[in-house]
Amino acid sequence: MNYWLVKSEPDVYGWHHFTQQGIAVWDGVRNYQARNNLNAMRTGDQVLFYHSVTNPAVVGLARVVREAYPDPTVTVEPGKSATWVVVELAPIMKLETPVSLRAIKAEPLLANIGLIKQSRLSVMPIRPNEFEQILRLGTATE
DNA sequence: GCCAACGTTGGC
DNA sequence: GCCAACGTTGGC
């Protein structure tokens, strides 16, 4: 089992849209590193759903329900393999408390998380201990 | 709205 | 192959 984080702007496609749809075709990725991460996803992998730009925070948990296949919105020339791919994700649950970027930066155990180290990457791997920490922070304790 | 980070493009 | 210019992402 691997863990990932995907970003989306809530005004464009937020957790709300995701749960309404039930399944998201994760398209629009046009960065090679992010694409490579999509290719490495396996069915059942768990995915943190992050809202960027507006109130940046991890807001929910999802899982991979279909592995990478060619992005249907891109025309692939005959004989060539697709450059861009999509995966399909389904929601598991909303976090009780969103884990803000501020809270992530304040947590020493998350000092090396890709979210901070590579702030512009939109699909990234998350280490198991980082994943646990974020879920812990997302579980209301007060 | 500003700006830092960084990926891409194109001239040479 | 280098690098300047430019565009995009995303935090603040």
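The chains referred to below are lettered A, B, ... by the order of the sequence lines, with proteins before strands, and numbering in each begins at 1.
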### Full working for side chain to side chain donor-acceptor pair (under 3.5 Å) between A:W4 and A:N37
CA-CA 8 Å; A:W4 309 92; A:N37 290 332; over 6 Å; no
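- Legend: side-chain hydrogen bond (donor to acceptor under 3.5 Å, both in side chains) pairs involving residues 121-132 of chain A, not counting sequence neighbours, sorted by first then second residue: A:R127-A:E130.
- Looking at heavy atoms from C-beta onward, A:V58 lies in side-chain contact with A:I104 at the 4.5 angstrom threshold.
- Ring geometry for A:W26 versus A:Y13: interplanar angle over 60°, hence perpendicular rather than tilted (30 to 60°).
- With rounding to whole Å, A:K117 atom NZ is found 19 Å from B:dA4 atom P.
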Could you list all N or O pairs between the protein and nucleotides 6-9 of chain C that sit under 3.5 Å apart?
| unit_1 | atom_1 | unit_2 | atom_2 | d |
| --- | --- | --- | --- | --- |
| C:dT8 | O2 | A:R120 | NH2 | 3.0 |

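- Classified by interplanar angle (parallel below 30°, tilted 30° to 60°, perpendicular above 60°), the ring pair A:F49/A:W15 is perpendicular.
- Residues passing the ring-ring contact (aromatic ring centres under 6.0 Å, His included) test with A:Y69: none are found, sequence neighbours excluded.
- Under the ring-ring contact (aromatic ring centres under 6.0 Å, His included) criterion, the residue pairs touching residues 89-133 of chain A are A:Y3-A:F131, with sequence neighbours excluded.
- Remark: A:L101, A:K105 in residues 98-106 of chain A come within less than 4.0 Å of DNA chain C through at least one heavy atom.
- At least one side-chain heavy atom of A:I116 sits less than 4.5 Å from a side-chain heavy atom of A:K105.
- Of the residues in residues 26-34 of chain A, those with a non-hydrogen atom less than 4.0 angstrom from any atom of DNA chain B are A:N31, A:Y32.
- A:D71 has a carboxylate O that lies under 4.0 Å from a charged side-chain N of A:R30, or vice versa, which qualifies the two as a salt bridge.
- Side-chain atoms of A:N112 and A:K117, non-hydrogen and from C-beta on, do get closer than 4.5 Å to each other.
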